[in-house]
Number of protein chains: 2
Amino acid sequence: MVNYSDPQLTRVFSAMGDPTRRAIVARLAGGGLTVSQLAAPFEMSLPAISKHLRVLEGAGLISRRIAGRTHHCNLEAAAMKSATEWLEQYRRFWEPRLDVLGEYLAETENTEELHDGECKD
Amino acid sequence: MVNYSDPQLTRVFSAMGDPTRRAIVARLAGGGLTVSQLAAPFEMSLPAISKHLRVLEGAGLISRRIAGRTHHCNLEAAAMKSATEWLEQYRRFWEPRLDVLGEYLAETENTEELHDGECKD
DNA sequence: TGATTAGTTAACCATATGGTTAACTATAGC
DNA sequence: GCTATAGTTAACCATATGGTTAACTAATCA
């Protein structure tokens with residue numbers, strides 16, 4: 001069951017609501033980076049990046065391995081799973097082929113009508 | 001090309017970052033509702049709901065048809081599409097079967113290796 | 001040991017967010 | 001026309017967010 005008050009979901013969506021953080025995630029998709037490497041292309045102070053990293057870490061979207069004085073960050077994309085699943089509940093609203101009736105027809109190949117599908121919450 | 005600074009993406013993710021707004025979206029998935037009907041189950045004032053509706057409207061996630069003094073709200077789930085696509089770029093990171101190599105193998109049925117896929121940004 | 005480097009923490013600031021109550025607009029109904 | 005209803009707008013408040021600079025901690029290196 002999808003719980004709309006799930007604080008983890010809230011943290012992930014909120015984290016993704018910031019363009020800088022989406023850019024950080026996009027950079028990390030290319031492989032792990034240190035904080036300085038990560039920060040380099042941004043026109044923003046290191047403390048600002050540090051804060052963004054804390055937010056991403058709090059959402060479980062990145063992990064950190066500390067080696068000496070350098071912090072290596074890695075993408076933990078699995079944290080996006082719940083957010084993706086939440087959004088996908090609604091996919092049938094913009095892709096009619098994926099609606100409940102469509103799924104049913106695809107499976108059974110008959111025209112019997114289904115109840116109007118409701119979304120999990 | 002996915003643009004991480006896309007303000008529309010920012011509005012959609014930010015809108016979804018609030019549990020009340022996710023609950024509103026979930027309710028509207030069951031069909032259009034007036035503002036009062038929508039607000040009924042929430043322990044929150046009507047103006048608070050009104051604000052949330054404005055945010056959802058600004059993100060393109062709901063539409064409004066005004067009939068007399070009642071406002072009928074409808075889900076516009078298509079606005080979720082860009083957010084879903086953004087997240088799905090990263091699906092291969094938590095579902096190895098959907099990685100670039102996996103897709104390639106599924107299509108060609110051979111074992112030739114591919115370059116490490118990068119994420120669009 | 002002393003200087004440099006990596007990164008965080010602290011203190012601060014401006015603005016945004018999420019809520020409230022009170023007042024308002026406008027439609028509906030008697 | 002008066003009153004009730006649907007909903008917004010305004011004003012306000014507390015806290016969160018996103019940024020800054022300065023100070024700090026700790027590791028590296030000459």
Side-chain angles (χ1 to χ4, degrees), chain A residues 4-28 31-75, chain B residues 4-28 31-75:
Chain A
Y4 57 72
S5 73
D6 179 357
Q8 179 59 19
L9 206 48
T10 295
R11 280 190 288 268
V12 171
F13 275 127
S14 298
M16 295 317 200
D18 183 275
T20 302
R21 287 192 289 263
R22 288 199 303 279
I24 287 173
V25 165
R27 291 204 76 214
L28 285 177
L33 292 171
T34 69
V35 172
S36 307
Q37 289 171 336
L38 212 42
F42 296 98
E43 292 180 338
M44 192 181 298
S45 68
L46 206 51
I49 297 293
S50 189
K51 280 190 183 182
H52 283 304
L53 292 178
R54 260 198 296 142
V55 172
L56 289 167
E57 230 176 338
L61 287 159
I62 69 171
S63 62
R64 193 187 296 245
R65 179 177 50 83
I66 301 177
R69 63 183 168 180
T70 72
H71 296 210
H72 297 265
C73 299
N74 278 281
L75 184 61
Chain B
Y4 57 74
S5 74
D6 179 357
Q8 179 58 20
L9 207 47
T10 295
R11 280 191 289 267
V12 171
F13 274 127
S14 298
M16 295 316 201
D18 183 275
T20 301
R21 287 193 290 262
R22 288 199 302 278
I24 289 173
V25 165
R27 291 203 76 214
L28 285 178
L33 292 172
T34 68
V35 172
S36 307
Q37 288 172 338
L38 211 42
F42 296 99
E43 293 179 339
M44 191 181 298
S45 67
L46 206 50
I49 297 293
S50 189
K51 280 190 182 182
H52 283 304
L53 292 179
R54 258 198 298 140
V55 172
L56 288 167
E57 230 176 338
L61 287 159
I62 68 170
S63 62
R64 191 187 298 244
R65 180 177 49 85
I66 301 177
R69 62 183 169 180
T70 72
H71 295 211
H72 296 266
C73 299
N74 278 280
L75 184 61

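Reminder, nothing fancy here: chain letters follow the sequence lines and each chain counts from 1. Hydrogens, waters and symmetry mates play no part in the numbers below; they use all other heavy atoms, side chains included.
- Evaluation of the side-chain contact (heavy atoms from CB on, under 4.5 Å) rule for A:Arg65 yields A:Ala67, A:His72 as partners, not counting sequence neighbours.
- The backbone N or O of A:Gly60 sits nowhere less than 3.5 Å from a side-chain atom of A:Arg11 that would complete a donor-acceptor pair.
- Straight-line distance from the CD atom of A:Glu57 to the C1' atom of C:dT8: 12 Å, rounded to whole Å.
- Checked against side chain to side chain donor-acceptor pair (under 3.5 Å), B:Ser45 has no partners two or more places apart in sequence or in another chain.
- By the side chain to side chain donor-acceptor pair (under 3.5 Å) test, A:Ser63 pairs with A:Glu76, sequence neighbours left out.
- Taking atom CD of residue A:Gln37 and atom P of nucleotide C:dA6, one finds them 10 Å apart after rounding to whole Å.
- Evaluation of the side chain to side chain donor-acceptor pair (under 3.5 Å) rule for A:Arg69 yields no partner, not counting sequence neighbours.
- In this structure, the separation between CG on A:Leu53 and CG on A:Leu38 is 5.5 Å, given to the nearest 0.5 Å.
- Not one N or O on the side chain of B:Arg64 forms a donor-acceptor pair closer than 3.5 Å with the backbone of B:His71.
- Between A:His71 and the phosphate of C:dA6, there is no side-chain N or O to OP1/OP2 separation shorter than 4.0 Å.
- Residue A:Leu75 holds its CG atom at 7.5 Å from CG of A:Leu61, rounded to the nearest 0.5 Å.
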Quick one: which protein N/O atoms are closer than 3.5 Å to N/O atoms of nucleotides 27-30 of chain D? Pair and distance per line, please.
unit_1 : atom_1 : unit_2  : atom_2 : d
D:dA27 : N3     : A:Arg69 : NH1    : 3.2

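- In this structure, A:Leu46 places its CG atom 14 Å from P of C:dT5, rounding to the nearest Å.
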How would nucleotides 10-19 of chain D be written as a contact map, 5' to 3', with B for base contact, S for sugar-phosphate-only contact and - for no contact, using protein heavy atoms under 4.0 Å?
--------BB
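- When the P atom of C:dT8 is taken as reference, atom CD1 of A:Ile66 falls 8 Å away, rounded to whole Å.
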